[in-house]
Each structure stands twice: as C-alpha cells, then as structure tokens.
Amino acid sequence: MKDNQNEFYSSISKYYPEIFPFNPVQLQFVIRTGRDLAGKHILDIGCATGELAYQLAANGANVTGIDLNEDLLKEAKTKKIHPSLQFRKGNMLQLKKDFPAQQFDMVLCFGNTLVHLPTRQLISQMLEGVSTILKPYGVFLLQILNYDYILSGHVTELPLIETGNIRFVRRYAFEKNTSLVRFQTRLHIKKEEKTIANETLLLALGSKELITLLKDAGFIDIHLFSNFNASDFGGKHLPLVVTCTKA
C-alpha cells in the first residue's frame, strides 16, 4: 500500500465503522456458505476495524483478521474483543510467509480489497497464497466491484454514503489504454467541518479474467453472484461476490 493510501485510512480510522458498518447479510452469507462455523479457522483479509471478524467469532469461529493499516487495527483491537478473535498487521501478498500451509477452513477478502493490487501478476500471487493456506476443499469468499458493468456503463460515481455525522463521496476517473481506474474519495466530517480527500489507482478486473486467475491458482466450484443474498450475477449491479473451493 502506498504511503498516501495508508495515511488516508489512518485519517478515517475512527469514522470507518460509520462509513462501512457491520452488514448482517455478509455474516449470513458466510454462515450459509460455511454451514456450521463452530470451531472453523477463518482468515479475514482487509479486516479494517473488525466488524465482520467479531461477528464471525461470536458465531463460533476462530478468526484472524489482518490489515496493513495500524490505526484501523488499533480500533479493532480496542473495540472488538473476543477470546476466539485476534488481529494482526498483515500483507495479503505475504500469506505464505505469515501463515502455515493448510491452516484455514475459510479465507475471506471483502470490501473491494483485492483490486488495490495494481497488476494481474500480484493478484495471482495473492490467490496462490490463499490457496496455500487453505485446507484441502477449504472455501475462499471474495467480494469486489462489478467492473464489467462499471466499464461498459461508464459508471463514474458510486452511491453516496451519508449519516448525521459524515458524507462520503466516491468517484471513478477512467484513463485511456489502461485497466487502471482512479478512485477518488472525499469524506466530509460534518461536526468538524473538515474534508478528507484521497485518490488511489484500482485494477478494473473483469469477471472472466478473475475466473481465469482463480482457476490458475487451483480453485474449483467457482460461483459468481450479484450480492451477498446470492442473486444471479450479470447486468447493472455494483457488487461481484465469489465463492470457490480449493481443489
């Protein structure tokens, strides 16, 4: 992660749970996919402030949450405490180094985290790491945005997030002859009358290319959905949710 990106997440860390609050539908999706979570070992990549990781632990799983940003992790460690939950600083490109092979029953990577990796080679490295640390027939759950629709529909703005305290604007700027897009955000803190702006490059990874990369990393039973309710994939929707299994 670039320094400016890390600084951005540090600057919004105390507001993060308000911007992206716990989504019960995500939890139910994981429970349905994993069936009984009791005693299962789960890795949450890009755990941020630990909203989902805590709920997974509360439902019986042994959960490890990793993130690169220390301020997000500080919020998680301080406010999301459970005996079956641990948080640690971790890089999704170093999974083979940081964890033993075949340690986890499930690995999650939600929140469009994957496409912060700017090249397909790095995404392949990450997916190979996930495959290595999963047990045989372990499950990988992934959520990014539907760049098939974003690119074909030239979607330049994501839905506004607004509460009584914050207003979060998210826009895309496209560049010619590249699969990278500029993700531009502005977070307005109302009571402080302060605005935090950021821009980062994301890889606009299409669904067919993602399937190929997953297969190359050794995953089978790959299923794509348009949301965490497991609706059919395809069309004008923003989420892309994936379930797959390590061969």
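Values reported hereafter were calculated over all heavy atoms of this structure, with side chains retained and with hydrogens, waters and symmetry mates removed.
Between the T245 side chain and the G138 main chain, no donor and acceptor come within less than 3.5 Å of each other. Under the 3.5 Å distance criterion, the side-chain polar atoms of D148 are left unmatched by any main-chain donor or acceptor of L151. In this structure, H116 contributes its side chain and N112 its backbone to a donor-acceptor pair below 3.5 Å. Looking only at distances, no side-chain donor or acceptor of N229 sits under 3.5 Å from a matching main-chain atom of S231. The main-chain N or O of F8 is never found under 3.5 Å from a side-chain atom of N198 such that the two would form a donor-acceptor pair.
Closest approach of A76 to G50, counting heavy atoms only: CB-N, 4.0 Å. Of all the heavy atoms in L201 and L180, the pair that sits closest is CD1-CD1, 4.2 Å. The two residues N146 and P239 come nearest to each other via the heavy atoms CB-O, 3.8 Å. Closest approach of C47 and G65 over heavy atoms only: SG-C, 3.5 Å. Across all non-hydrogen atoms, the minimal contact from L187 to I166 is CD1-CB, 3.9 Å. Taking each heavy atom of L85 and A53 in turn, the nearest pair found is CD1-CB, 3.8 Å.
The closest side-chain heavy-atom distance from S84 to N62 is below 4.5 Å. The side-chain heavy atoms of V25 and Q28, taken from C-beta on, include no pair separated by under 4.5 Å. Put simply, the side chain of Q102 does not reach to within 4.5 Å of the side chain of T132, judged on heavy atoms. Side-chain contact check for Y147 versus L202: some heavy-atom pair is nearer than 4.5 Å. Between I45 and L108, the closest side-chain pair of non-hydrogen atoms is not below 4.5 Å. Between D67 and K89, the closest side-chain pair of non-hydrogen atoms is not below 4.5 Å. A heavy-atom distance below 4.5 Å is not found between the side chains of Q55 and P24. Proximity of T64 to I66: side-chain heavy atoms (C-beta onward) are separated by under 4.5 Å at one or more points.
Aromatic ring orientation, F99 versus F104: perpendicular (interplanar angle above 60°, classes split at 30° and 60°). Ring planes of F20 and Y16: tilted class, angle from 30 to 60°.
In this structure, a donor-acceptor pair under 3.5 Å is present between the side chains of D71 and S10.
One finds the CD1 atom of I81 at 14.0 Å from the CD atom of Q86 (value rounded to the nearest 0.5 Å). Summarising the geometry, atom NE2 belonging to H82 is positioned 11.0 Å from atom CZ belonging to F87; distances are rounded to the nearest 0.5 Å. Between the SG atom of C244 and the CG atom of L142 there is a distance of 7.5 Å, given to the nearest 0.5 Å. For the atom pair CG of L114 and SG of C109, the computed distance is 5.5 Å after rounding to the nearest 0.5 Å. Rounding to the nearest 0.5 Å places CD1 of I222 at 5.0 Å from CG of L214. The distance from the CD atom of Q94 to the CG atom of L68 is 8.5 Å, given to the nearest 0.5 Å.
In the hydrophobic cluster analysis, where Ile, Leu, Val, Met, Phe, Trp and Tyr join through side-chain heavy atoms closer than 4.5 angstrom, V242 is grouped apart from M106. Both I144 and V130 sit in one connected hydrophobic cluster of ILVMFWY residues. Membership requires side-chain heavy atoms under 4.5 Å apart, directly or through other members. I220 is not connected to I211 by any chain of hydrophobic side-chain contacts under 4.5 Å among Ile, Leu, Val, Met, Phe, Trp and Tyr, and they are in different clusters. Residues F140 and I31 do not share a hydrophobic cluster, clusters being chains of Ile/Leu/Val/Met/Phe/Trp/Tyr side chains in contact below 4.5 Å. Taking hydrophobic clusters as Ile, Leu, Val, Met, Phe, Trp and Tyr residues chained together by side-chain heavy-atom distances below 4.5 Å, F219 does not share a cluster with Y137.
Shown here is R88, whose CZ atom has more than 12 heavy atoms of other residues, nucleotides or ligands within 6.0 Å. Around the NZ atom of K74, the shell of radius 6.0 Å holds no more than 12 heavy atoms that belong to other residues, nucleotides or ligands. When the shell of 6.0 Å around CZ of F22 is examined, it contains more than 12 heavy atoms from other residues, nucleotides or ligands. Annotation: E157, atom CD; neighbour count of heavy atoms from other residues, nucleotides and ligands within 6.0 Å is above 12.
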What's the verdict on side-chain contact (heavy atoms from CB on, under 4.5 Å) for L127 and I123, showing C-alpha distance, side-chain angles and the deciding distance? CA-CA 6 Å; L127 296 177; I123 288 181; 3.9 Å; yes

Do F183 and R170 pass the side-chain contact (heavy atoms from CB on, under 4.5 Å) test, and can you show the C-alpha distance, the side-chain angles, and the key distance before you say yes or no? CA-CA 7 Å; F183 182 47; R170 301 169 293 167; 3.7 Å; yes

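Residues that satisfy the ring pair (Phe, Tyr, Trp, His ring centres under 6.0 Å) test with F225, not counting sequence neighbours, are absent from this structure. A search for salt bridge (Lys or Arg N to Asp or Glu O under 4.0 Å) contacts involving E18 returns nothing, not counting sequence neighbours. Looking at residues two or more places apart in sequence or on another chain, you find a ring pair (Phe, Tyr, Trp, His ring centres under 6.0 Å) between F29 and F228.
Taking the six-membered ring for Trp and the full ring otherwise, the centers of F174 and H154 sit less than 6.0 Å from each other.
For residues 181-192, every residue pair satisfying the side chain to side chain donor-acceptor pair (under 3.5 Å) rule, not counting sequence neighbours, is listed here: Y15-E192, E162-K190, E175-R182, R182-E199, Q184-E199, H188-T195, E192-K194. A salt bridge (charged side-chain N to carboxylate O under 4.0 Å, His left out) check over residues 102-125, counting only residues at least two apart or in different chains, returns the pairs D105-K135, R120-E209. Each side chain to side chain donor-acceptor pair (under 3.5 Å) pair with one or both residues in residues 29-50, not counting sequence neighbours, appears once here: T49-E51.
The residue from L145, I150, L224 that alone fulfils the side chain to side chain contact (heavy atoms under 4.5 Å, CB included) condition with L240 is L224. F110 pairs with exactly one of V241, L141, N23 by the side chain to side chain contact (heavy atoms under 4.5 Å, CB included) rule, that one being L141. A side chain to side chain contact (heavy atoms under 4.5 Å, CB included) with L43 is found for one member of V107, D98, L134 and no other, namely V107.
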